[in-house]
Amino acid sequence: MSCVLDEKQEEMLQFIEQLVNIDSGSYVKDGIDTIGLIMKGHYEKLGFLVETIPQEENGNHLIIQHQDAVDPKIIIVAHMDTVFPKGTVAKRPFRIEEDRAYGPGVVDMKSSLVELLYAIKYMKEEGFEGYKNVQIILNSDEEIGSPTSRSLIMEKAQGKEFALIMEPARKDGSLVSARRGGGHYTLIVKGKSAHAGIEPEKGRSAIEELAHKVIQLHHLTDHPKGISVNVGMIEGGSAYNTVSSKAVAHIDIRIAQMDQAKSLLEKMQEICSSTSVPGTKIKLTGEIGRPPMEKTEQTKSLLEIIRKVGEEIGIKVSDTSTGGGSDASFTAATGVATVDGLGPVGGNAHSDEEYLEIPTLTERTLLLAKTIQKLSE
């Protein structure tokens with residue numbers, strides 16, 4: 001479909017190329033801060049005030065709102081970090097093939113940063129004032145669970161009516177109305193080492209004990225209820241001919257509803273309260289880092305507004321749930337109506353084949369701009 005912003009597409013792509021070709025993995029502070037300075041300059045030219053929240057190890061966060069804004073009711077969250085380490089851009093910089101753009105972080109979420117800025121520009125150029133009703137947070141650590149920005153996002157979400165989260169739309173164009181919550185737990189087993197050939201009976205195998213626990217933990221998974229427990233990494237032992245004295249499991253858990261957390265943790269603790277291999281000891285640590293984003297009545301109402309805006313401009317808006325986490329969980333946890341996936345359409349995020357569907361760039365920019373305006377009327 002044609003879009004009134006189509007004439008801006010080439011300009012937007014050039015901006016995306018600039019951002020993609022800056023390494024900004026979650027631990028590449030200089031790269032993230034470079035992107036932050038670029039975005040700060042663009043917003044200040046539009047009359048926005050930009051507050052920098054400095055971080056020692058991670059990139060700095062930005063809080064952005066127009067100089068004429070008074071008690072904005074919309075919070076918009078986008079992240080500047082990617083999952084890719086320093087040096088990735090040199091190996092595979094931004095490129096375009098037919099209707100797709102490729103490069104590290106191209107859709108998750110360098111394109112969203114550009115989309116958001118151009119939605120603001122569009123409103124200003126068209127004489128709409130919805131941009132005065134938004135407070136924007138650009139954070140630097142979403143891909144590692146937002147450890148330094150989580151409290152900032154939840155603080156700024158207080159008192160807001162709507163939260164728009166700029167993760168990319170799904171491959172089919174769907175917005176995200178629900179996300180499972182997630183947590184990371186670490187299980188440490190300590191045993192006793194011994195020579196596996198000469199006196200194995202004197203050993204207490206931490207690996208054997210860990211194997212029992214992995215099976216028991218995986219049995220807690222209940223996919224129909226949205227609960228999953230996955231031991232994604234294990235480590236242990238010092239040599240193949242030695243009874244292992246230590247073994248470690250890293251556990252990912254996912255829940256669809258917050259009230260599932262207590263019961264799941266109790267079951268995990270029960271499993272870890274006793275051992276199958278006498279003489280071994282167990283320690284379980286961790287927490288739920290992201291609460292689930294549940295599809296509430298407020299969310300449904302916000303989705304309906306976005307659907308109607310979509311109809312007006314010729315975009316069919318659908319929504320879906322996903323198991324992946326995002327900062328939407330934090331705004332939703334404060335009780336604010338939250339919709340995610342408002343970035344452009346793309347796919348294969350976090351991989352070498354991550355791509356942006358170029359034709360959706362200007363469409364989604366228009367959808368975002370008009371949604372902000374509708375929510376501000």
Side-chain angles (χ1 to χ4, degrees), residues 25-27 58 77-79 81-84 108-109 137 139-154 157 163 165-170 174-188 213-214 216-234 248-272 284-296 299 319-336 338-341 343 348-351:
S26 302
Y27 300 103
N58 300 101
V77 185
H79 64 84
D81 62 322
T82 74
V83 299
F84 302 103
D108 187 15
M109 57 173 11
I137 294 180
N139 64 329
S140 66
D141 56 358
E142 190 275 341
E143 295 292 7
I144 54 173
S146 306
T148 68
S149 61
R150 182 183 318 170
S151 58
L152 174 67
I153 292 168
M154 295 185 77
I165 314 301
M166 298 301 302
E167 294 292 335
R170 304 298 91 178
S174 295
L175 306 184
V176 177
S177 55
R179 288 182 179 272
R180 288 197 291 170
H184 172 221
Y185 285 79
T186 302
L187 177 61
I188 300 173
K213 292 296 176 274
V214 170
Q216 290 175 283
L217 288 166
H218 275 221
H219 281 161
L220 297 177
T221 292
D222 188 340
H223 290 307
K225 292 183 179 179
I227 298 171
S228 66
V229 179
N230 178 66
V231 178
M233 291 176 61
I234 58 173
V248 180
H250 297 280
I251 309 158
D252 177 271
I253 72 163
R254 303 282 165 153
I255 53 174
Q257 300 171 337
M258 199 61 203
D259 60 12
Q260 296 170 333
K262 185 173 183 287
S263 172
L264 179 59
L265 180 56
E266 287 174 351
K267 290 174 183 176
M268 291 172 64
Q269 290 172 333
E270 183 181 353
I271 288 171
C272 297
L284 178 70
T285 60
E287 64 176 359
I288 292 177
R290 278 197 173 105
M293 171 194 176
E294 300 181 42
K295 190 175 182 179
T296 64
T299 299
D319 70 286
T320 188
S321 61
T322 179
S326 87
D327 290 327
S329 295
F330 304 129
T331 58
T334 67
V336 179
T338 300
V339 169
D340 198 352
N348 300 341
H350 298 189
S351 79

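Throughout, residue positions are numbered sequentially from 1 according to the sequence presented.
Electrostatic pairing of Glu294 and Arg180 does not count as a salt bridge here, judged by no charged N lying under 4.0 Å from a carboxylate O.
With a 6.0 Å radius and a threshold of 12 heavy atoms from other residues, nucleotides or ligands, Glu270 has its CD atom at or below the threshold.
Between atom OG of residue Ser149 and atom CD of residue Glu142 there is a gap of 8.0 Å, rounded to the nearest 0.5 Å. With values rounded to the nearest 0.5 angstrom, Asp340 atom CG is found 8.5 Å from Thr338 atom OG1. Atom-to-atom distance recorded for Arg254:CZ and Leu264:CG is 12.5 Å, nearest 0.5 angstrom. How far CD1 of Ile255 is from CG of Leu265: 10.0 Å, rounded to the nearest 0.5 Å. Atom-to-atom distance recorded for His250:NE2 and Asn230:CG is 12.5 Å, nearest 0.5 angstrom. Separation of atoms CE (Met268) and OG (Ser263) is listed at 11.5 Å; rounding is to 0.5 Å.
Residues Tyr27 and Ile144 meet the side-chain proximity criterion, which asks for heavy atoms closer than 4.5 Å. Put simply, the side chain of Thr186 does not reach to within 4.5 Å of the side chain of Leu284, judged on heavy atoms. Two residues are said to be in side-chain contact when any heavy atoms from C-beta on lie closer than 4.5 Å; Ser151 and Phe330 fail this criterion. You'll find the side chain of Asp108 reaches within 4.5 Å of the side chain of His79, heavy atoms only. Within the 4.5 Å cutoff, the side chain of Val231 has heavy atoms near those of the His218 side chain. The shortest side-chain heavy-atom distance between Gln257 and Lys225 does not fall under the 4.5 Å cut-off.
In this structure, Arg290 and Gly145 approach most closely via the heavy-atom pair NH2-CA, 3.8 Å. Shortest non-hydrogen contact noted between Leu187 and Ile251 is CB-CD1, 4.0 Å. Contact detail for Ile137 and Ile153: the closest heavy-atom pair is CD1-CA, 3.9 Å. The two residues Ala157 and Thr334 have their closest heavy-atom pair at CB-OG1, 3.6 Å. When all heavy atoms of Leu220 and Ile227 are compared, the pair lying nearest together is O-CG2, 3.9 Å. Contact between Ile288 and Ala261 at its shortest, heavy atoms only, is CD1-CB, 3.3 Å.
Under 3.5 Å, the side chains of Glu143 and His350 contain a donor-acceptor pair of N or O atoms. Arg179 and Ser326 share a side-chain donor-acceptor pair at under 3.5 Å. Checking Thr148 against Asp141 by side-chain atom types alone, a donor-acceptor pair falls below 3.5 Å. Between the side chains of Ser146 and Asp327, at least one donor-acceptor pair of N or O atoms lies under 3.5 Å.
In terms of modelled atom types and a separation under 3.5 Å, the side chain of Ser140 and the main chain of Asp81 share no donor-acceptor contact.
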Starting from the C-alpha separation in whole Å, work towards a yes-or-no answer on side-chain contact (heavy atoms from CB on, under 4.5 Å) for Asp319 and Lys295.
CA-CA 10 Å; Asp319 70 286; Lys295 190 175 182 179; 2.9 Å; yes
Does the pair Tyr185 and Asp252 meet the rule for a side-chain contact (heavy atoms from CB on, under 4.5 Å), with working shown?
CA-CA 7 Å; Tyr185 285 79; Asp252 177 271; over 6 Å; no
For Glu287 and His184, what are the C-alpha separation, side-chain angles and deciding distance, and is it a side-chain hydrogen bond (donor to acceptor under 3.5 Å, both in side chains)?
CA-CA 6 Å; Glu287 64 176 359; His184 172 221; over 6 Å; no
